[in-house]
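Chain identifiers are assigned alphabetically (A, B, ...) following the order of the sequence lines, protein sequences preceding nucleic acid strands; residue numbering begins at 1 within each chain.
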Amino acid sequence: MKVYNTLTRSKEEFVPLTPGHVRIYACGVTVYDLSHIGHARSTMVFDVIQRYFRFKGYRVTFVRNFTDVDDRIIRRANAEGVPATEVSERYIQAFREDMAAIGVAPADAEPKATEHVPDMVVLIERLVAKGFAYTVDGDVYFEIRRFPGYGRLSGKNLDELLAGARVEVDERKRDPRDFALWKSSKPGEPAWPSPWGPGRPGWHIECSVMAMKYLGESFDIHGGGEDLIFPHHECEIAQSEADTGRPFARYWLHNGMVNLRAEKMSKSLGNVLTIREFVKRHEPDAFRLFVLGTHYRHPVDFAEERVRDSARALERLTRLAPDAQARGSGTSGGVPEELGGFRARFEAAMDDDFNTPQALGVLFDLARTLADDRERAATDRHVRERFVAGVSELVALGQVLGLFQRARETAGMPAEVLRLVEERGQARARRDWMRADQLRDEIERLGWSVEDTPSGPRITRKSV
RNA sequence: GGCGGCGUAGCCAAGUGGCCAAGGCGGAGGUCUGCAAAACCUCUAUUCAGCGGUUCGAAUCCGCUCGCCGCCUCCA
């Protein structure tokens, strides 16, 4: 299996530190507001990576943190006149709901920064003791010059970094590029006790501490959005390795951004679409297909129209079996030999740095074969058996990507719609076509559509 | 300015030296059908931003040009 490692800027053969066990840390969100679809993509990408390792038979320990101490959280809390924890808890809850809505599995551990402050203090103390950090007026800074590897991950040249520094120079720092490990808190800000006085941790230190606490001083994969490469991940490496003297994460994986109107989606640009808003209009699996249709390292331009294309593509897979989306139908007995090639191709694609677009291509190829089988299933027993086994295989492979986790939305179908559908069925039975068409129109008005198939009416929610 | 990436059919998107350049959406034709759909089948890039070069052979390697994006500041 090969993965692209940002550290070496090349695809490398993946070999876990402990045979058979993969340890992954993915940077989560800062919980100061609702998460948007850019967060959704990043989270989903690592969800799929994690799922794929399990599919390959690895034991996986997957950690995704919450940053719940941050300037923006404090600002919001002050604006609302509530404690910071109220803001962060609200959005942690929202994040979990959003992730559940789009089928992202919870991580094995989802630690919060505020629950690990004492551990951070300990690490900072050690960095001070070892001469990598210094104290100024209750703040503690990491002295990047003391860590020779600084800049390696992001490919930054230290001199150029200094020249291009756009941050206002803090005269108290020994070097403008030094970053905060600990910030003394002002009145009204959350504070924790420390040898340097009450304060709160800098952003980067939390991930170092939580990653090492849950995964060990060295672990396999550290992931996040590519916008975190510098300075966040660069600083994590410096802090961690300065202390342990050992390699921190061995493979660094970064996902591309979600753009809206050709620009990176971000709060500061005001071009965000929240997950919450998104799922009102689209099926979760349509989003998954949309996201996985582009390789994770590439940027993806968001457009409603493209999600609708994905929704139509999804139909191609789900129409194969009315129950294709039913949970649990993914377990299959024997897969006929002539279908074996699909799984092999699927794995080959995924083994190559999680090439989900190619893996999806395999799924669509399989779907085409099965569609043809279905047409001929009525008259050929062998073909029928192959079709049934093939659909199981399709569902099984789709589930590796996190697709088909829940039954189609008919569960949320209003009783009214159900009643109209039944009435229409009766009208059709007496060949009262006029009444049947009239009922179909009524159902459409309620936001659902009916299609007649050999096995009965198929009701789906109309998307937008 | 520094670093990194991208430019493949109407749209989206794989492919990074050699069978006919995956797959999806859209489109065209056909089969089927109360109707409408859906489904199914077939077709839809002599060509990979442009120009040079290396090679028996390049979308894939090298150089230049043009266009776009990200990071260098909080950011998934």
Problem set entry | Ring centres under 6.0 angstrom apart (Phe14(A), Phe53(A)) | yes
Exercise. Should Leu439(A) and Arg435(A) be marked as a side-chain contact (heavy atoms from CB on, under 4.5 Å) after you check the CA-CA gap, both sets of side-chain angles, and the distance that decides it?
Worked result: CA-CA 6 Å; Leu439(A) 286 162; Arg435(A) 179 65 184 146; 3.6 Å; yes
Base, sugar-phosphate or nothing for [X]? Non-hydrogen atoms, less than 4.0 Å.
X         : value
Gly223(A) : nothing
Arg435(A) : nothing
Arg41(A)  : nothing
Gly293(A) : sugar-phosphate
Leu228(A) : sugar-phosphate
Asp365(A) : sugar-phosphate
Arg297(A) : nothing
Val258(A) : base

Exercise. With a cut-off of 6.0 Å (strictly less than), are more than 12 heavy atoms of other residues, nucleotides or ligands near CD of Glu385(A)?
Worked result: yes
So does [X] get a side-chain nitrogen or oxygen closer than 4.0 Å to the phosphate oxygens (OP1/OP2) of [N]?
X         : N       : result
Ser35(A)  : rA76(B) : no
Arg319(A) : rA38(B) : no
Arg72(A)  : rC74(B) : no
Arg316(A) : rG24(B) : yes
Arg368(A) : rG24(B) : yes
Arg431(A) : rG34(B) : no

Between [options], which nucleotide gets closest to the side-chain atoms of [X]?
X         : options                   : result
Pro357(A) : rC40(B), rA14(B), rA76(B) : rA14(B)
Phe364(A) : rA76(B), rG70(B), rG24(B) : rG24(B)
Lys156(A) : rC71(B), rG34(B), rA76(B) : rC71(B)

Solution key, residues 98-107 of chain A side-chain donor-acceptor pairs under 3.5 Å, sequence neighbours excluded:
residue	atom	partner	partner atom	Å
Asp98(A)	OD1	Arg276(A)	NE	3.0
Asp98(A)	OD1	Arg276(A)	NH2	2.9

Exercise. In dot-bracket form, how is RNA chain B paired, counting a Watson-Crick or G-U wobble pair only if both its distances are under 3.5 Å and using | for bases paired to another strand?
Worked result: ((((((((.[[[..)..(....]]]((((((.......))))))....[[[[[..)....]]]]])))))))....
Problem set entry | Derivation of the salt bridge (charged side-chain N to carboxylate O under 4.0 Å, His left out) call for Arg51(A) and Asp47(A) | CA-CA 6 Å; Arg51(A) 284 172 194 271; Asp47(A) 178 56; 2.9 Å; yes
Exercise. What is the distance from CG of Leu370(A) to P of rC40(B), rounded to the nearest Å?
Worked result: 10 Å
Problem set entry | Between rG34(B) (P) and Gln426(A) (CD): distance, integer Å | 20 Å
Sticking with atom [atom1], work out how far [N] lies from [M], rounded to a whole angstrom.
N       : M       : atom1 : result
rA21(B) : rG63(B) : C1'   : 25 Å
rG5(B)  : rU16(B) : C1'   : 15 Å
rG26(B) : rG50(B) : P     : 29 Å
rC3(B)  : rG10(B) : P     : 36 Å
rA36(B) : rC6(B)  : C1'   : 44 Å
rU8(B)  : rU60(B) : P     : 13 Å
rC12(B) : rG53(B) : C1'   : 33 Å
rC32(B) : rU42(B) : C1'   : 15 Å

Exercise. Within the modelled atom types, does a donor on one side and an acceptor on the other bring the side chain of Arg440(A) and the base of rC35(B) under 3.5 Å apart?
Worked result: yes
Seminar exercise, completed: Per the under-4.0 Å heavy-atom filter, residues of residues 90-106 of chain A near RNA chain B come out as none
For this session: Check each residue of residues 146-155 of chain A for a non-hydrogen atom within less than 4.0 Å of any atom in RNA chain B, then write out the ones that pass by number, or none.
Result: Ser154(A), Gly155(A)
Seminar exercise, completed: Taken in chain and number order and not counting sequence neighbours, the residues that satisfy side-chain hydrogen bond (donor to acceptor under 3.5 Å, both in side chains) with Glu115(A) are none
For this session: Could you tell me whether Asp139(A) and Lys173(A) make a salt bridge, using a distance below 4.0 angstrom between a side-chain N and a carboxylate O?
Result: no
Exercise. Do we count Trp433(A) as stacking onto rG34(B) if the rule is ring centres under 5.5 Å and planes under 30°?
Worked result: yes
For this session: Could you name each residue pair satisfying ring pair (Phe, Tyr, Trp, His ring centres under 6.0 Å) that touches residues 86-115 of chain A, not counting sequence neighbours?
Result: Phe66(A)-Phe95(A)
Problem set entry | Sequence neighbours excluded - ring pair (Phe, Tyr, Trp, His ring centres under 6.0 Å) pairs with any residue from residues 24-43 of chain A | Tyr25(A)-His222(A), His36(A)-His39(A)
Non-neighbouring partners of [X] that pass ring pair (Phe, Tyr, Trp, His ring centres under 6.0 Å), sequence neighbours left out:
X         : answer
His116(A) : Tyr214(A)
His254(A) : His233(A)
Tyr52(A)  : Phe55(A)

Scan nucleotides 15-19 of chain B against the protein and return all N/O pairs shorter than 3.5 Å with their distances rounded to 0.1 Å.
residue	atom	partner	partner atom	Å
rG15(B)	OP1	Asn355(A)	ND2	2.9

Exercise. Does the side-chain hydrogen bond (donor to acceptor under 3.5 Å, both in side chains) test come out yes or no for Glu263(A) and Asn271(A), once each step is laid out?
Worked result: CA-CA 8 Å; Glu263(A) 279 181 312; Asn271(A) 60 340; 4.7 Å; no
Problem set entry | 5′-ward residue of the pair Ser42(A)/Glu305(A) relative to RNA chain B | Glu305(A)
For this session: Find which nucleotide of RNA chain B each of Asn255(A) and Thr369(A) is nearest to by heavy atoms, and output the residue with the more 5' nucleotide.
Result: Thr369(A)
Problem set entry | Listed partners of Asp353(A) passing salt bridge (charged side-chain N to carboxylate O under 4.0 Å, His left out), at least two apart | Arg297(A)
Exercise. Can Arg288(A) and Gln405(A) be said to form a side-chain contact (heavy atoms from CB on, under 4.5 Å), step by step?
Worked result: CA-CA 11 Å; Arg288(A) 198 170 275 266; Gln405(A) 290 188 66; 3.9 Å; yes
For this session: Describe, in one word, how the ring planes of His232(A) and His204(A) are oriented to each other, choosing from parallel (under 30°), tilted (30 to 60°) and perpendicular (over 60°).
Result: tilted
Seminar exercise, completed: Here the pair of heavy atoms bringing Thr356(A) nearest to Met350(A) is CG2-SD, 3.8 Å
